[in-house]
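First comes the structure, then the notes that go with it.
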Amino acid sequence: SGEFTVSESGWVSLVRAVRGLLSRLIGEGKTQRGLAIPQARGSFAAVGGQAFFLPLYELYLTYGGIFRLVFGPKSFLIVSDPAIAKHILRDNSKAYSKGILAEILDFVMGKGLIPADGEIWRVRRRAIVPALHQKYVAAMISLFGEASCKLCENLEKAASDGEDVEMESLFSRLTLDVIGKAVFNYDFDSLTHDNGIVEAVYVVLREAEMRSTSPIPTWEIPVWKDISPRQRKVNEALKLINDTLDDLIGICKKMVEREDLQFHEEYMNEQDPSILHFLLASGDDVSSKQLRDDLMTMLIAGHETSAAVLTWTFYLLSKEPEVMAKLQEEADRVLGDRMPTIDDMKKLVYTTRVINESLRLYPQPPVLIRRSMEDDVLGGYPIGKGEDIFISIWNLHRCPKNWTDADKFKPERWPLDGPNPNEINQNFSYLPFGGGPRKCVGDMFATFETVVTTAMLVRRFNFQLAPGAPPVEMTTGATIHTTEGLKMTVTRRTMPPIIPNLETKVVSDSQSTSFDQSE
Ligand code: HEM
C-alpha cells in the first residue's frame, strides 16, 4: 500500500492517475463523521489486474448508494442508487457534463457525440438521431446476417480442423466489419484478413484504453509525446483513419450529388444505407472535422461495446447448458436455415432476453462518467460545482436489493410476454444503454445485431470453454474485456430430427452432420 503524488499538470492528471490506480485499489475506508456524504478512503495495495469497478462494489456494500472516495486532495462521488442516477442522467442532466471522459477521448473523438457537451452536442444529436430510423435499422439486419455468416465460415474451419477459437477477437472483428459498413459504408473485411486500416483502428482503440487507465499521462509530456515511438504510431494510425474517412466522405458526396432521391424522414439509399450517406443527403451543414469526429465516435461506440456483449453472452451460455438449449430451440424454430429478417426480431424473444440479461451482468461500459457544472443536491446531500462522478452501472445491476439472485444468469427473470426491459420500466435500476437525453443512439441497432449473431451462431454450433484454457477473468478498458481471451471449443450441431430419407440412421452428436442443410 502507499500514497501517490501527481505532477503539476493539476487535476486532470490527478484524476487520470486515480483512474489508473483504482484498478489496484483495495477499499479500507471508514465513514468520517461530520462530513455530509459518507466518505471512503482508499489505500493502494496491489491486487494486480483487478477490474476497477470490483472494489467499488465492495465499497458500495459498506457505504451505500452515494459516497465520496478520497485520494489525497482529490475525490470522486460514486453513485450506485437508481434515484440519484435518474436525477443526474435525466431530471437534472443539464447540470452535468462528460468531464474527464471528454478530456481523455479528445485525441480520437474530438467533439464527437459521446464527449461533446452543450450546444455542439445538442446540434449533433439532432442531426444524427434521425439517421438511425426504423427503415435503416431494418436494412441493417441483412448486414448483421452476412457478417455472422462470415464468422460461421471461420468457425466451420476451426471445427473441422479441431482447433479451439479465441472468440473475443473474432467478435471484435465481426462488429468492426458491421459498424464500418453501417456508419460510413466501408468494408474493413477484418474477419477475412488483416490490413493497414484494421491495424490502425486497433492501435487507436488500445491507445484510448491505455489513456483511460494509465496512472501517468505520458502522452502529455512535452517533447516525449513527439518522439516516443508509441505516440508516433498512434499519430500515424490516426492520420490513416482520418484520410480514409475524408476519402469516404468525398466519395459519398459525389454519390449524393448524382442521385435524384428526394430527401425525407425515412430516406435511405439502398446501395449505401450508411449513416454518413443520410447525413450528407440531409444537407447536414457541418465542418469536415466535426463530421469525422462523429463518424469516429460512432465507429468506436458501436464496435467494442457490441463485441463485449457477445463475448460475455457466450461466456455465460457456456456456464448454463439449459439456457443454451432453450436458445437453440428458439433459433431452430424461428430461423431454421434461413437468414434473419426484421420480422424475426419480435419472434427471437428468448434470444433477446438472453442479451438483456447478459447486459445486466456485464454492462458495457460498467461505469458512466459525469462532472457537475453547478451546485446540486444528490440523495439529500449538497454537492458543489466541479465534482467528478462515477455512476456504477455494475453496482446498480448487481445490487441484491434490486435483484433476486443478483449474480445469477437468469434470462427467465424477464418475462417473454413482458416489455423489453429498459431504464424507464425498471426505474433506473437497469441502465444497459444509459438514460435521459444522453442515452445511446444505437440501442436498437445493437440489440438486433447481438440477437442476430447469437441466434445464427448457436443454431449451427455448440460452444464450450476450451479444456485447459486460462480462466476467464475481467479487466477494464472502455468496456469489460477478458484478461486472456475467451477460448472455446466449437463443434457443429447435428441435424434436427427431420430425416429426409427414412433409411438414414439417426446421427449421433459425435458424427458431425450439417444442421444447416442449405450450406
Ligand atoms: C451512448 C451503451 C452500441 C452510439 C451510450 C451510452 C451507453 C451505451 C451506456 C451512454 C453513455 C453515457 O451516458 O455516458 C452501448 C452498448 C452498445 C452500444 C451497450 C452495444 C451493445 C452503440 C452503437 C452505436 C452507439 C451500435 C452507433 C451506431 C452511441 C452514441 C452515444 C452512445 C453516439 C452518445 C449519445 C449522446 O451522448 O448523445 N451507448 N452502446 N452505441 N452510444 Fe451506445
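Order of listing sets the numbers, starting from 1, for every ligand and every atom in it. Quantities reported herein were computed from a predicted structural model and do not represent experimental measurements.
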So for atom NZ, which belongs to K150, do other residues, nucleotides or ligands contribute more than 12 heavy atoms lying within a distance under 6.0 Å?
yes

Atom 10 (C) of ligand 1: of E449, M140, R438, the nearest heavy atom sits on R438

Among all protein heavy atoms, pick the one closest to atom 18 (C) of ligand 1 and tell me residue, atom and distance.
T305 OG1, 3.5 Å

Less than 4.5 Å apart, side chain to side chain, heavy atoms only: is that true for T447 and L359?
no

Which residue and atom name correspond to the protein heavy atom nearest atom 29 (C) of ligand 1, and how close is it?
A301 CB, 3.8 Å

Using heavy-atom distances, let me know which of K98, Q364, R124 sits nearest atom 2 (C) of ligand 1.
Q364

Report yes or no: do Y267 and H133 form a side-chain donor-acceptor pair below 3.5 Å?
no

Just need the protein heavy atom nearest to atom 35 (C) of ligand 1, so name the residue and atom and give the distance.
R125 NH1, 3.4 Å

For the pair D388 and R371, find out whether any cationic side-chain nitrogen is under 4.0 Å from an anionic carboxylate oxygen.
yes

Could you name the option among M444, K439, R370 that has the heavy atom nearest to atom 12 (C) of ligand 1?
R370

Looking only at protein heavy atoms, which one is nearest to atom 11 (C) of ligand 1, and how far off is it?
L368 CD2, 3.8 Å

Residue, atom and distance of the protein heavy atom nearest atom 5 (C) of ligand 1 read C440 CB, 3.4 Å

For ligand 1, is V441 a contact, meaning one of its heavy atoms is under 4.0 Å away?
yes

Top protein contact for atom 20 (C) of ligand 1, by heavy-atom distance
A446 CB, 3.3 Å

Near W121, which atoms of ligand 1 are under 4.0 Å from a heavy atom of that residue?
36 (C), 37 (O), 38 (O)

Got a salt bridge between R90 and E423, using NZ or NE/NH1/NH2 to carboxylate O under 4.0 Å?
no

Below 4.0 Å from any atom of ligand 1, is there a heavy atom belonging to I114?
yes

Top protein contact for atom 23 (C) of ligand 1, by heavy-atom distance
G302 CA, 3.4 Å

Heavy atom under 4.0 Å from ligand 1: found in F445's side chain, backbone, both, or neither?
side chain

Going by atom types alone, do E449 and S306 pair a side-chain donor with an acceptor below 3.5 Å?
yes

Does the distance from a Lys or Arg side-chain N to an Asp or Glu carboxylate O, for K239 and D243, drop under 4.0 Å?
yes

for atom 16 (C) of ligand 1, nearest protein heavy atom and its distance come out as F433 CE2, 3.5 Å

Candidates A308, G435, G434; heavy atom nearest atom 9 (C) of ligand 1 found on G434

